[in-house]
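What follows is a set of notes on a single structure, which appears directly below.
Values below: all heavy atoms of this structure, side chains included; hydrogens, waters and symmetry mates excluded. Just so we're on the same page: letters track the sequence lines, and every chain starts at 1.
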2 protein chains.
Amino acid sequence: MAKSPTTRDAVVPVLAEVFREHGYEGASMAILQEATGLGRGSLYHFFPGGKEEMAAAVLADIGAWFREGVFVPLHAAPDAPSARQGISSMFDEVDAYFRSGRRVCLQGMFALGRERDLFDDAVRGYFIEWVDALAAALQTANTDDPTGRAVQVVSSVQGGIALSRALNDPSAFTTALDGARSVAGLTPGGV
Amino acid sequence: MAKSPTTRDAVVPVLAEVFREHGYEGASMAILQEATGLGRGSLYHFFPGGKEEMAAAVLADIGAWFREGVFVPLHAAPDAPSARQGISSMFDEVDAYFRSGRRVCLQGMFALGRERDLFDDAVRGYFIEWVDALAAALQTANTDDPTGRAVQVVSSVQGGIALSRALNDPSAFTTALDGARSVAGLTPGGV
DNA sequence: GTCTATAAAGCGATAGAC
DNA sequence: GTCTATCGCTTTATAGAC
């Protein structure tokens with residue numbers, strides 16, 4: 001690597017992981033400092049709004065990642081076969097991203113707590129985008145009740161994370177995801 | 001009412017609601033004090049272990065409620081029709097208890113955060129009991145893959161709470177629950 | 001841009017009077 | 001059993017040197 005200037009963009013994923021592991025309140029400045037390797041002053045230089053701005057930046061970053069990698073492809077499917085392919089890819093991406101339930105969904109976590117009030121738009125927007133994109137793909141795939149099924153699929157993913165963490169068993173996430181695939185009209189085998 | 005002696009049992013449900021609304025860390029002693037109407041000294045008299053003992057008591061109380069009202073009936077079903085009836089009742093109880101997603105599941109909330117480490121047994125035990133009881137009823141009802149379906153149903157409930165809160169729309173919980181009913185082999189109409 | 005020092009407030013927990 | 005006063009620690013945020 002030529003050089004590594006500390007940029008705001010580079011530090012956001014690190015902050016994301018800290019928020020995922022410790023929660024919003026639990027992620028103290030001291031922990032964020034240690035994880036990023038930056039001093040207090042540097043963090044406040046990049047994020048004058050403090051923790052709240054850090055979390056907002058993280059949520060925006062995650063939202064952009066899903067938009068680009070998952071939601072846009074779902075919307076882009078022109079016909080039924082490619083829609084089914086897109087939905088199948090979504091499950092693969094989701095399984096990889098959440099590491100079979102070992103990694104928490106920050107938006108889902110925030111939705112359960114007081115953080116929802118603070119980051120209302122980011123949390124709601126993320127799930128609206130997800131449900132809308134999936135519903136559009138399900139409709140293209142000629143599935144009945146696309147919106148209802150999209151809600152059920154996204155719920156299963158979120159609940160699968162919670163349950164697999166509670167049981168300390170990633171297979172619970174896999175099972176939940178399999179059920180969601182079935183709801184989305186995918187056969188266990190392939191697209 | 002003849003008199004109202006402040007008992008430990010009477011204060012636990014109040015604490016539960018505070019933990020649900022503010023989370024474990026967000027539920028400060030000041031808030032718990034105000035909600036219960038008790039002074040610091042009284043709270044520490046009932047719960048010498050402080051916040052941790054309060055949360056443990058709350059989790060135990062919730063666990064006992066579900067055990068008595070939901071899990072035991074599921075296990076008790078002697079034949080397929082009564083098993084289906086018990087499963088149907090479970091969904092009604094769950095919908096009422098979580099107020100169509102307006103009320104958070106404390107165990108599910110704790111599972112996503114650091115609290116999981118602190119209340120590991122209570123959180124894991126709660127979900128193990130739930131999945132086991134539902135799987136037993138599904139088996140009695142002659143449903144295939146009872147354990148897998150039980151995991152999917154419980155995941156849907158947990159995810160439905162998160163999604164309905166994120167969207168600020170209780171109908172998302174209802175939709176998630178309808179999907180779960182279908183996974184459990186129940187027709188939308190009745191038992 | 002990065003750092004340390006420090007301010008100001010809130011936290012959980014304890015002590016001891018009543 | 002209930003209360004208030006207080007300890008000691010951690011928190012976020014700021015100020016200012018470099």
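The only member of B:Phe66, B:Trp65, B:Phe110 that meets ring pair (Phe, Tyr, Trp, His ring centres under 6.0 Å) when paired with B:Tyr126 is B:Phe66.
Here D:dT6 presents its C1' atom at 13 Å from OH of B:Tyr44, a figure rounded to the nearest Å. Going from atom CZ of B:Arg40 over to atom P of C:dG16 covers 17 Å, rounded to whole Å. Rounded to an integer number of Å, the gap from B:Glu25 CD to D:dT10 C1' is 12 Å.
The B:Ser42 side chain lies nearest to D:dT2 when the options are C:dT2, C:dA13, D:dT2. Side-chain proximity of A:Lys51 to the nucleotides D:dA13, C:dG12, D:dT2 is greatest for D:dA13. Nearest nucleotide to the side chain of A:His45, out of C:dA5, C:dT2, C:dC11: C:dT2. Nearest to the side-chain atoms of A:Met29 among the listed nucleotides D:dT12, C:dT2, C:dC11 stands D:dT12. Of the candidate nucleotides D:dC3, C:dC3, D:dT12, D:dC3 has the atom lying nearest to any side-chain atom of B:Leu38.
Between A:Thr6 and the phosphate of C:dG1, there is no side-chain N or O to OP1/OP2 separation shorter than 4.0 Å. The phosphate of C:dG10 has neither OP1 nor OP2 within less than 4.0 Å of any side-chain N or O from B:Ser28.
The aromatic rings of B:Trp130 and B:Phe127 lie parallel to each other, their planes meeting at an angle below 30°, with 60° marking the opposite boundary.
Within 6.0 Å of the CD atom in B:Gln139, the count of heavy atoms belonging to other residues, nucleotides or ligands does not exceed 12.
Side-chain N/O atoms of A:Asp9 and A:Thr7 include no donor and acceptor closer than 3.5 Å.
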